[in-house]
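The next block holds one structure in the form of structure tokens; read it before the comments.
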Amino acid sequence: MMINITFPDSNTREYPSGVTGYEIAQSLSSQLARDILSITVNGQVLDITSPITTNATIKLHKWDDVEGKHAFWHSSAHLLAEALESLYPGMKFGIGPAIENGFYYDVDAGNEVIKESDLVIIENKMLELARLKNTYHRSDISKKDALDFFSQKNDEYKLELINDLTDGTITLYKQGNFTDLCRGPHLPSTEPIKAVKLLSIAGAYWRGDEKRKQLTRIYGITFPKQKLLDEYLVLLEEAKKRDHRKIGKELELFTFSANVGQGLPLWLPKGAALRERLENFLKKIQREHDYQQVITPHIGLKELYVISGHYAKYGKDSFQPINTPAEGEEFLLKPMNCPHHCEIYKSKPRSYKDLPLRLAEFGTVYRYEQSGELHGLTRVRGFTQDDAHLFCRPDQLKDEFKKVIDIVLYIFKTLDFPDFTCQVSLRDKTNHEKYIGSDDNWEKAEQAIIEACEEKKLSTIIEYGEAAFYGPKLDFMVRDAIGRKWQLGTIQVDYNLPERFELEYIGSDNQKHRPVMIHRAPFGSMERFVAVLIEHTAGKFPLWLTPEQAVILPISEKYNDYAKKVLKLLNNSDIRAVLDDRNEKIGKKIRDNELKKIPYLLIVGEKEMEMNEISVRKQGEGDKGAMKITDYIDFVNTEVKNMLQYEINNDNI
RNA sequence: GCCCUUGUAGCUCAGUGGUAGAGCACUUCCUUGGUAAGGAAGAGGUCUCGGGUUCAAGUCCCGACAAAGGCUCCA
């Protein structure tokens with residue numbers, strides 16, 4: 001019997017029933033047959049050795065496809081497990097999936113401790129096993145047989161996994177001496193796995209549950225060619241050079257001190273200047289959107305957070321209350337600004353005509369993050385939110401939400417952040433206990449966000465269980481240099497705090513109504529935003545933002561006086577320039593200042609002094625020739641102005 | 001918080017139980033130069049901190065603190 005196989009380009013060919021992906025590839029070209037790693041058949045990714053018995057639409061996956069790499073790395077995870085089982089007999093296995101870059105396996109080594117120094121030994125074992133070219137053999141198995149097999153092996157983790165599976169869907173894969181519970185797909189054999197690197201070792205809770213046993217997770221990556229591995233390792237090294245912690249130190253933007261405390265950044269003059277410019281940039285946008293700046297204290301009475309619900313939720317895990325000489329009086333360092341802003345809302349009666357009321361504050365907050373979570377500027381214990389709370393009528397909610405989306409998109413555009421994802425964070429579908437507020441309000445809030453995103457034509461991904469405990473949110477996620485995802489901007493709809501604080505306004509019907517609240521922070525926090533900005537720009541900040549825009553380099557000390565004159569002219573014209581009047585040769589000064597990533601190097605010597613000029617060298621680009629000082633000032637000021645051209649088209653950014 | 005790893009000069013790092021090192025940065029002097037490293041000399045250390053083992057500890061062991069990679073968490 002023949003079946004029709006349809007290819008991605010819609011061409012169809014006939015093959016005998018039972019044909020495999022490998023055979024199909026072979027019929028097209030022998031090179032393709034060597035390269036294919038997995039196959040999608042009617043939307044399902046399968047082994048290339050799986051027989052196809054019905055008419056099907058297929059796609060063959062090579063190394064360049066995610067599905068191809070996935071099969072490759074998934075098979076590599078099994079290879080790792082095989083190596084571990086042979087080196088550590090009796091080891092128990094958790095799960096071992098392919099991930100975005102490579103794979104991991106979670107194992108329980110019993111009393112053995114696997115150390116980083118053991119990784120090379122394991123790598124070598126993997127390569128040794130790979131060279132045996134063992135096939136990955138798939139078998140369907142009944143639940144009972146599966147349970148028997150892993151009982152005999154005494155592998156409680158696999159038993160737990162099997163118990164959650166339904167009979168008839170259970171498959172095992174075996175290569176060499178190792179058999180694993182697995183859905184597949186896998187490579188036909190270990191043959192293509194030519195290069196192996198085990199990257200790191202970590203603790204990981206079984207099934208992600210902090211209360212359960214911590215297994216040992218081994219991360220690795222494999223490639224079909226040694227050259228690809230070498231390139232990947234170079235790429236990793238390059239990425240590490242963009243690390244904001246490294247660049248922050250080199251460019252003297254921020255530092256930490258063990259005496260001040262973990263996770264409490266100290267902003268150095270250049271970092272503070274940069275941050276201040278970012279704040280002014282946002283303040284200007286907010287002024288145009290009728291936000292009003294407010295200022296609130298860094299502490300608040302504990303009762304304030306009891307009202308908001310934050311105390312019940314986070315009180316135990318926060319910086320503990322500050323006591324005063326007054327008996328029983330307790331203050332908390334503020335972990336967020338919303339309760340303070342609610343009190344501002346309540347400071348006088350509000351009419352529907354006053355809404356939306358938009359209160360903004362660069363508010364510094366303190367959260368006692370777990371010590372193991374702290375990370376440079378991206379996760380800290382004291383940070384400043386570019387916060388604002390929008391109090392509006394229910395009918396204004398969607399419009400307000402959309403206007404905030406515009407602001408976030410404008411900021412990302414101005415700062416040239418191309419790769420962000422919009423994540424709609426909703427409640428956990430099943431577990432509603434983690435959240436406060438009525439189902440009705442939650443549904444309204446979730447609906448408003450989804451509709452606003454649709455109307456702004458944002459492509460979003462929806463994540464259940466990622467909402468804040470008081471409401472759903474839209475998060476703007478950006479990756480750092482080594483691919484970790486961080487939440488930057490966030491917009492959150494909240495029906496709950498207005499209730500808890502009993503916020504009201506008088507409607508046109510002369511009745512009391514409850515406003516809806518939007519929490520929003522386009523940067524997220526100044527700390528995290530600057531961190532990600534550093535990694536995206538590798539420290540080469542846009543001209544309008546960078547701490548030092550130009551450095552003047554006299555050819556020799558004879559021209560220092562002229563250089564000082566130029567410096568004064570530039571500084572008086574709002575250009576942030578500095579002078580390098582060290583007794584060094586010009587080549588040396590150029591090198592040093594290029595490394596400091598200052599956008600313009602202005603060289604002055606005899607020629608320039610005579611002509612009232614400067615020679616302009618652009619960072620990373622080289623000599624641009626001589627210019628009159630006044631022309632240069634105009635040029636820079638125009639460039640800065642163009643970068644900050646403020647125009648938001650509400651419908652189309 | 002948990003698992004693994006690390007901590008030596010301002011920075012990057014060498015130093016495998018027996019006198020504390022290098023490069024860069026810094027200071028002084030020579031040099032006064034034309035688009036990515038001129039030369040010489042000098043200064044700089046409680047080897048993170050506290051215990052222990054040893055005739056002897058930067059080095060081995062224990063603890064604390066901090067940092068890195070991950071898990072969990074993230075208002």
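Here the structure is a predicted model, which means the values were calculated and not measured. Just so we're on the same page: letters track the sequence lines, and every chain starts at 1.
No donor-acceptor contact under 3.5 Å links the side chain of Arg217(A) to the base of C3(B). For Arg528(A) against C74(B), no side-chain N or O and base N or O form a donor-acceptor pair under 3.5 Å.
For Tyr205(A), no side-chain nitrogen or oxygen approaches OP1 or OP2 of G1(B) to under 4.0 Å. Proximity of Lys588(A) to the phosphate of A25(B): a side-chain N or O atom is located under 4.0 Å from OP1 or OP2. For Gln262(A), no side-chain nitrogen or oxygen approaches OP1 or OP2 of C65(B) to under 4.0 Å. In this structure, Arg245(A) reaches the A68(B) phosphate: one of its side-chain N or O atoms is under 4.0 Å from OP1 or OP2.
Among the protein residues, Glu608(A) comes within range of the nucleic acid bases, having at least one heavy atom under 4.0 Å from a base atom.
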Can you give me the N/O atom pairs linking the protein to nucleotides 6-9 of chain B at distances under 3.5 Å, or say none if there are none?
none

Atom pairs, protein N/O to nucleotides 30-32 of chain B N/O, distance under 3.5 Å:
| unit_1 | atom_1 | unit_2 | atom_2 | d |
| --- | --- | --- | --- | --- |
| U31(B) | N3 | Asn583(A) | OD1 | 3.4 |
| U31(B) | N3 | Asn583(A) | ND2 | 3.1 |
| U31(B) | O4 | Asn583(A) | ND2 | 2.2 |
| U32(B) | O2 | Ser556(A) | OG | 3.2 |
| U32(B) | O2 | Glu557(A) | N | 3.1 |
| U32(B) | N3 | Glu557(A) | OE1 | 3.2 |
| U32(B) | O4 | Glu557(A) | OE1 | 2.8 |

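A side-chain donor from one of Asp428(A) and Thr430(A) sits under 3.5 Å from a side-chain acceptor of the other.
In this structure, the ring-ring contact (aromatic ring centres under 6.0 Å, His included) partners of Phe523(A), at least two apart in sequence or on a different chain, are Phe529(A). Partners of Arg207(A) under the salt bridge (charged side-chain N to carboxylate O under 4.0 Å, His left out) rule, at least two apart in sequence or in another chain, are Glu160(A), Asp164(A). Every residue two or more places apart in sequence or in another chain was checked for a salt bridge (charged side-chain N to carboxylate O under 4.0 Å, His left out) with Arg367(A), and none qualifies. Checked against side-chain contact (heavy atoms from CB on, under 4.5 Å), Tyr88(A) has the following partners two or more places apart in sequence or in another chain: Leu84(A), Met91(A), Glu112(A), Ile114(A), Asp118(A), Ile122(A). Remark: Asp230(A) pairs with Gln226(A) by the side-chain contact (heavy atoms from CB on, under 4.5 Å) rule, at least two apart or across chains. The salt bridge (charged side-chain N to carboxylate O under 4.0 Å, His left out) search around Lys213(A) returns Asp108(A), not counting sequence neighbours. Partners of Asp494(A) under the salt bridge (charged side-chain N to carboxylate O under 4.0 Å, His left out) rule, at least two apart in sequence or in another chain, do not exist in this structure.
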Considering only distance and modelled atom types, tabulate donor-acceptor pairs under 3.5 Å from the side chains of residues 304-313 of chain A, sequence neighbours left out.
| unit_1 | atom_1 | unit_2 | atom_2 | d |
| --- | --- | --- | --- | --- |
| Ser308(A) | OG | Tyr305(A) | O | 3.2 |
| Ser308(A) | OG | His310(A) | N | 3.2 |
| Ser308(A) | OG | His310(A) | ND1 | 2.7 |
| Lys313(A) | NZ | Lys434(A) | O | 3.3 |

List, one per line, each side-chain donor-acceptor pair under 3.5 Å for residues 605-615 of chain A, sequence neighbours excluded.
| unit_1 | atom_1 | unit_2 | atom_2 | d |
| --- | --- | --- | --- | --- |
| Glu608(A) | OE1 | Gly605(A) | N | 2.8 |
| Glu608(A) | OE2 | Ser615(A) | OG | 2.6 |

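For the pair Ser117(A) and Tyr559(A), nearest-nucleotide mapping onto RNA chain B gives the more 5' position to Ser117(A). In this structure, Glu116(A) and Gly208(A) both approach RNA chain B, and ranking their closest nucleotides by distance from the 5' end singles out Glu116(A).
With pairs defined as Watson-Crick or G-U wobble and both atom distances under 3.5 Å, the stems of at least three pairs that touch RNA chain B come out as B:1-3 with B:69-71, B:5-7 with B:65-67, B:10-13 with B:21-24, B:26-30 with B:38-42, B:48-52 with B:60-64.
Comparing atom distances between the Glu369(A) side chain and each of G70(B), G1(B), C74(B) picks out C74(B) as nearest.
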